[in-house]
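Read the structure below first, then the notes.
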Amino acid sequence: MIRAAAVLFVVVFGFVLGASAQDFKAPEAKGRVYFKNLKNGAEVPATFMVEFGVDGLRVRPAGEDPLDHASGHHHLIIDGRPIPLGQTVPTDDKHLHFGKGETQAQITLPPGRHTLTLQFADGAHRSYGPKWAATVRVNVG
């Protein structure tokens, strides 16, 4: 019984390692990522709500199935650029993760001009690339 469990562990572990070593591919679905409530050049207060949208892919919490490329979750990048395909979205003050499947967030920014980039990524936080990102400029008053 223990030997069978050990063999099963090795097989499953080998599959996971092999899957992670494969070349990362973007979703094949047609679709887009967008801001539901913000337009480019919007005037916003220091604290405001950002609503995230995605067409063509399902929103799903991080970690549920990292190999499912028909779903993912949102990341909001403040004053940065889209993350290249397959790269992990960093975790810092400028890269906000919404790994519980959130589709909106209240954020606070200092006065001035800022860019907001909405980036969609898989269950392991690997970016689906610029095709699955949207950027707007906002002016915080």
Side-chain angles (χ1 to χ4, degrees), residues 2-141:
I2 293 173
R3 181 174 283 176
V7 170
L8 180 61
F9 175 78
V10 170
V11 169
V12 170
F13 187 71
F15 171 75
V16 170
L17 283 179
S20 65
Q22 293 176 359
D23 291 337
F24 186 84
K25 295 181 180 161
E28 295 179 12
K30 296 203 185 303
R32 68 186 180 117
V33 172
Y34 59 96
F35 290 92
K36 289 184 173 182
N37 66 329
L38 293 175
K39 294 188 187 223
N40 201 37
E43 297 284 337
V44 296
T47 299
F48 60 101
M49 186 66 67
V50 181
E51 297 176 5
F52 318 138
V54 62
D55 292 335
L57 298 176
R58 290 180 304 127
V59 175
R60 189 173 179 187
E64 281 191 355
D65 185 354
L67 300 179
D68 174 16
H69 287 172
S71 67
H73 62 280
H74 293 285
H75 298 80
L76 185 63
I77 304 167
I78 299 169
D79 296 326
R81 298 181 177 268
I83 305 296
L85 177 67
Q87 287 188 10
T88 302
V89 178
T91 301
D92 58 32
D93 292 347
K94 292 190 175 219
H95 297 84
L96 308 179
H97 290 246
F98 298 96
K100 293 181 183 175
E102 300 97 317
T103 57
Q104 64 181 20
Q106 183 171 303
I107 65 169
T108 301
L109 295 174
R113 293 181 184 196
H114 297 277
T115 60
L116 300 176
T117 299
L118 192 56
Q119 178 71 66
F120 211 66
D122 74 359
H125 306 281
R126 292 174 296 189
S127 170
Y128 286 147
K131 178 187 181 305
W132 292 97
T135 301
V136 294
R137 288 183 308 278
V138 296
N139 296 314
V140 177

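What you see is a predicted model; the values in this text were computed from it and never measured.
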Item checked: Proximity of F52 and F35 rings by center, below 6.0 Å -> no
Check: Taking only residues two or more places apart in sequence, or in another chain, which ones meet D92 in a salt bridge (Lys or Arg N to Asp or Glu O under 4.0 Å)?
Finding: none
Next item on the list: Output all residues satisfying side-chain contact (heavy atoms from CB on, under 4.5 Å) with H75, sequence neighbours left out; order by chain, then residue number.
Entry: H73, V89, H97, Q119, A121, H125
Note to self: Test of understanding: with side-chain contact (heavy atoms from CB on, under 4.5 Å), list the residues that count as partners of E51, not counting sequence neighbours.
What the structure shows: K36, N37, M49, Q104
Next item on the list: Taking D55 for its side chain and R32 for its backbone only, find out whether a donor-acceptor pair lies under 3.5 Å.
Entry: no
Return a table of donor-acceptor pairs under 3.5 angstrom between the side chains of residues 105-112 and protein atoms on other chains or two or more places apart.
residue : atom : partner : partner atom : Å
T108    : OG1  : T47     : OG1          : 2.8

Next item on the list: Using a 4.5 Å cut-off on heavy atoms from C-beta on, say whether the side chain of P27 contacts that of L57.
Entry: yes
Next item on the list: Kindly give the heavy-atom pair with the smallest separation between G56 and A29, and that separation in Å.
Entry: O-CB, 3.3 Å
Checklist line | Under the salt bridge (Lys or Arg N to Asp or Glu O under 4.0 Å) test, residues paired with D68 that sit two or more places apart | finding: R58, R60
Item checked: ring-ring contact (aromatic ring centres under 6.0 Å, His included) partners of residues 99-122, not counting sequence neighbours, each pair once -> H74-F120
Checklist line | Gap separating the CZ atom of R137 from the CZ atom of R113, nearest 0.5 angstrom | finding: 8.0 Å
Note to self: Give me the atom names and distance for the closest heavy-atom approach of S127 to G129.
What the structure shows: OG-N, 2.8 Å
Notebook entry, point to check: So which heavy atom on V33 is nearest to which on A134, and how close?
Noted result: O-CB, 3.3 Å
Checklist line | Contact check, side chains of L116 and L38, non-hydrogen atoms, under 4.5 Å | finding: yes
Checklist line | Verdict with reasoning, D79 to K94, per side chain to side chain contact (heavy atoms under 4.5 Å, CB included) | finding: CA-CA 7 Å; D79 296 326; K94 292 190 175 219; 3.9 Å; yes
Item checked: Nearest atoms (heavy-atom pairs only) where P82 meets P130 -> CB-CA, 4.0 Å
Check: Distance-only, no hydrogens or angles: does the E64 side chain make a donor-acceptor pair with backbone N or O of A62 under 3.5 Å?
Finding: no
Notebook entry, point to check: Got T117 and L76 here, is their nearest side-chain heavy-atom distance under 4.5 Å?
Noted result: no
Item checked: Donor-acceptor contact present, side-chain D122 to main-chain G72, <3.5 Å -> no
Checklist line | H95 vs I83 side-chain heavy atoms within contact, under 4.5 Å | finding: yes
Item checked: Exercise: identify the closest heavy-atom pair between V54 and Y34 -> N-CE2, 3.6 Å
Next item on the list: List the atom of H69, the atom of K25, and the distance in Å for their closest heavy-atom pair.
Entry: ND1-O, 3.3 Å
